Amino acid sequence: MAQRTFSIVKPDAVRNGHTGAILAEIDKAGFQIVAIRRQTISKEQAQGFYYVHRERGFFDDLTTFMSSGPLVLMVLEKENAIADLRTLMGATNPANAEEGTIRKKYAASIQENAIHGSDGEETAAFEIGYWFAGYELL
Ligand code: CMP
């Protein structure tokens, strides 16, 4: 059964001109783009999105980075979307990412790592609802 996940092309990848290449990889891997929006988010919006990481040492840097320039918010759909997107992205730290993955190709560091993907069903539901209204997801 088709499953939905949430993804972000992060500000580093947008800034470096990789948006089109990353969208092409997502398309080639068989995902449907259900919703997509390019925008610059505020630090407060980033803090709300990454609320689960609020106690982590990297929280302030991460939310500053995520609000530093335009990014691309997306809802993606395919069978096994959550796990398949994480495989396509590669490890959080690009130094540990497999050859051929998006982070291996386009990410510079553990923080500026080009792409985000939901890590589970509950997270996907929260993240989709955080950025998109129901009428945008028909
Ligand atoms: P993401 O998949 O968006 O989820 C949380 C983000 O926090 C992660 O990608 C990285 O951008 C960032 N992150 C995770 N671990 C670290 C870390 N150890 N140091 C800095 N940033 C991190």
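Sequential numbering from 1 along the given sequence is applied to the chain's residues. Ligands are counted one by one from 1 in listed order, and the atoms in each one are counted from 1 as well. The shown structure was predicted, so the numbers you read here are calculated from the model rather than taken from an experiment.
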Within ligand 1, which atoms have a heavy atom of [X] less than 4.0 Å away?
| X | result |
| --- | --- |
| H116 | 1 (P), 2 (O), 3 (O) |
| Q111 | 11 (O), 21 (N) |
| H53 | 5 (C) |
| R103 | 2 (O) |
| K10 | 1 (P), 3 (O), 8 (C), 9 (O), 10 (C), 11 (O) |

Give a yes/no verdict on a cation-pi contact between R56 and F59, requiring under 6.0 Å between NZ or CZ and the six-membered ring centre and an angle within 45° of the axis.
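So R56 doesn't make the cation-pi contact.
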Filtering L62, T92, I110, T63 for the heavy atom nearest atom 19 (N) of ligand 1 leaves I110
When you measure from atom 15 (N) of ligand 1 to each heavy atom in F65, F59, F58, which option holds the nearest one?
F58
Any N or O of Y50 closer than 3.5 Å to N or O of ligand 1:
yes
N96 versus R103: any side-chain heavy-atom pair under 4.5 Å?
no
Side chains of H18 and K105 in contact at under 4.5 Å (non-hydrogen atoms):
no
With a 6.0 Å cut-off (strictly less than), is the heavy-atom count around CD of E122, excluding the residue itself, greater than 12?
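Result for CD/E122: open.
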Hey, any chance L73 and V14 share a hydrophobic cluster, counting ILVMFWY side chains that come within less than 4.5 Å of each other, even indirectly?
no
So that I know where these two stand, are F49 and F6 an aromatic pair - ring centroids less than 6.0 Å apart?
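Centroid separation for F49 and F6: below 6.0 Å.
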